There are 2 protein chains.
Amino acid sequence: MLIRYSKIFLMQEAILVMDEKPRNRVSLKDLANHLGVSKTLVSAVLNGKAKQYRISEETALMVKQAANELHYSPNMIAKGLRTGNSQLIGLIVTDISNPFYSTISRIIENKTDEINYKVIFGSSDESLVKTRQLIDVMLDKGVAGLIIVPCEGSQGLVADLHSRNIPVVLIDRYFPELEVSYSCLNNYNATRQATIHLIEQGYRNISLIAYKSSLSNIKDRILGYRETMVAHALGKHVNVKSVNIDNPLPEVEKALDYLIHRKGAEAVIFITNALLVAGLRSLNKLNKRIPDDVAVVGFYGSELFDLYYSPITYVKQPIEIITEEAVNTLIDKIKYGENRKFSKTFIEPELVIQQSSVKPASTGCN
Amino acid sequence: MLIRYSKIFLMQEAILVMDEKPRNRVSLKDLANHLGVSKTLVSAVLNGKAKQYRISEETALMVKQAANELHYSPNMIAKGLRTGNSQLIGLIVTDISNPFYSTISRIIENKTDEINYKVIFGSSDESLVKTRQLIDVMLDKGVAGLIIVPCEGSQGLVADLHSRNIPVVLIDRYFPELEVSYSCLNNYNATRQATIHLIEQGYRNISLIAYKSSLSNIKDRILGYRETMVAHALGKHVNVKSVNIDNPLPEVEKALDYLIHRKGAEAVIFITNALLVAGLRSLNKLNKRIPDDVAVVGFYGSELFDLYYSPITYVKQPIEIITEEAVNTLIDKIKYGENRKFSKTFIEPELVIQQSSVKPASTGCN
DNA sequence: CTGAAAGCGCTTACAG
DNA sequence: CTGAAAGCGCTTACAG
């Protein structure tokens, strides 16, 4: 084995002396010349248009065989330039290193693989400027369409894309004022379910910790909680604390301290994964036990939460379904044009109930 | 606001009647015509070659202004076809939804952004076939180079890339028999440090749980443990259990049961994050407390492990440094050719010591 | 200082 | 059934 590779290196060095970049790709022209036919013919056969061009089966077979033998593989850049389709789609998320978004990326990868598209991604970090830059670069690269987790204030960018008839689908968040397709969790129902569950467990004084944000997902989550509380005549216990999106820990700690000690909170809903992590840290620091001192419901649980001393109840997002819907919509748009139809999708959440929200020595349902 | 967007939609519909795809990008030609100059001139100016072509400053300024006003932005596909550089780099990881690899992706994104490259990614799922397909597709898309987490048995593919003089850098794993650049953790030292730490804590009967794999990172981790044990005259306590890479949970459980009950293991090192998670689940099930019944050291900790009832000691990978080194090497190769230099980099790990590996009622160091 | 022309590797009317 | 030619939007010798 070792010897074999050494050999390759020796050969390689020899080649290098002659030519710095021996990227010996065989082109359509090479193939055509080799066979003594025209590029048109080869192109037609290799694109499965032999029938349409009424090319004889023998000829077609000959071309295909040669293509295999010579390891011909089409230059997608040239193809893209000619057809205007690079077989690339752009994905703009908040941060690819966030497991939620990397999971979305993976699902998009799987779905687009089937139709031979590749994904180029970018992280916006919730920045409008970065989002704009990413969109521009991706368009320059010739993406056929975009899937975007839109940041706050990016309505204009998205509307612009739409008005230029560029296929775009929003995911995770949407803009109610825009007629741009999206696929999201039903965030209203998510906190609604969480709240009802806590009420059924016998909790009354239920608080919610959120982000300061005008994004649809955040607003809907707050609304779902608030309206459910009011509907159960618990309006007087509605307490929403909104913290800054970056470095939420100190604010969360202060909020929890306040909610528990001043407001008598018996249960807290954390509406994002990062808030939950900050919340658990804070509760440890405040020496509060879950669920004995305070019940907890989170969002989008990591499997590690199952290992917590008090496994955490959380709102599960059917990410796979949400994402697949977005991809399907995008593919549809790429095929038939952006403005053909406007698809809004809300996927229902699932509440995974674990120990953290179950009332100890349960007093039963109300 | 709402009204403004409605208006846009109405206009849009009007346009649509006339033309299905009004992608009104302005091209170099458009710009040249608009200005009454040649494409050559415009191209030179916009590529910062005004000086080189001795173009007057006024002319250059005029061109730049017009480019801004008309929102000209170069078609990278055309540019890529002509120059043979698509400003794209390919990233092949095991699974982009794995936080370790998505973190790598993010760092690569940041680094390549600086030089205006975009990343297309693909997940190999440790499959040779998928790896081959991904490489082919990415090459077809014209990537300027590749960063690869190579799966088992992919030496041939990597060597082939190298011999075709395609810039490639391996990350996380390497093939000692290939002269292909890589950037990895010093895995030997990682388990070495972990083992020494446990020995210093007074543990003697230390086991290790690994994957069945011939990959360098796995082999080095096992070796680091084994040799350190032997060096401390603990060879008789060397116990390595290797489980299957997919669905490790049942095997890990069986292994732990055996190691603890038959072999009297006092401490266990889990050499990947997934193994650690499986290990914690299993220990819970076996009713073993950490570190009282058994001490634990893991790899690449999630911040959630800090929240565990017994915060987990783990080997921290300086992912940022490892990745940046890989990117720098790749960029270098893209600029100067793959075979210019062969860079092997091992980054030193850092052991983050927490409660899970600290001997209770400590008997001190040996 | 500036422009006409060729060509990157494809596809697609068009002509035969 | 098959091929010559144009053209996608760029860059780069080359000529002036």
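Computed from a prediction, not measured in an experiment: that's the story for all the values here. Hydrogens, waters and symmetry mates are skipped; everything else that's a heavy atom, side chains included, is used. Every chain is numbered from 1 and lettered A, B, ... according to where its sequence line falls, protein lines coming before strand lines.
Side chains of B/Y182 and B/D172: no donor on one and acceptor on the other come within 3.5 Å.
Across the protein-nucleic acid pair, B/K51 atom NZ and C/dT2 atom P stand 14 Å apart, rounded to whole Å. Between A/N33 atom CG and C/dG9 atom C1' there is a gap of 13 Å when expressed in whole angstrom units. One interatomic measurement links the two molecules: CD of B/E58 to P of C/dC1, which rounds to 9 Å at whole-angstrom precision. Separating the CD1 atom of B/I77 from the C1' atom of C/dC8 is a distance of 13 Å, rounded to the nearest angstrom.
The salt bridge (Lys or Arg N to Asp or Glu O under 4.0 Å) pairs that include a residue from residues 133-146 of chain A are A/D140-B/R25, where partners are two or more places apart or lie in different chains. For residues 72-82 of chain B, no residue pair satisfies the salt bridge (Lys or Arg N to Asp or Glu O under 4.0 Å) rule, not counting sequence neighbours. Within the structure, salt bridge (Lys or Arg N to Asp or Glu O under 4.0 Å) pairs that include any residue of residues 102-128 of chain B comprise A/D95-B/R106, A/R106-B/D125, A/D125-B/R106, B/R106-B/E109, B/D113-B/K118, B/D125-B/K130, B/E126-B/R173 (at least two apart or interchain). Residue pairs meeting the side chain to side chain donor-acceptor pair (under 3.5 Å) criterion with at least one partner in residues 26-36 of chain B, sequence neighbours excluded, are B/S27-B/D30.
Using a distance-only test at 3.5 Å, with no hydrogens or angles considered, no donor-acceptor pair links the side chain of B/S154 to the main chain of B/P150. B/S56 contributes a side-chain N or O that, together with a main-chain N or O of B/T59, makes up a donor-acceptor pair within less than 3.5 Å. The backbone N or O of B/G142 sits less than 3.5 Å from a side-chain atom of B/S86, completing a donor-acceptor pair.
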Notebook entry, point to check: Along nucleotides 10-16 of chain C, 5' to 3', which nucleotides get a B, which get an S, and which get a -, given that the test is a protein heavy-atom distance under 4.0 Å?
Noted result: BBBB---
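Here B/L81 lies in heavy-atom contact (under 4.0 Å) with a base.
Remark: DNA chain D takes part in the stems C:1-3 with D:14-16, C:5-12 with D:5-12, C:14-16 with D:1-3, each of 3 or more antiparallel Watson-Crick or G-U pairs, criterion distances under 3.5 Å.
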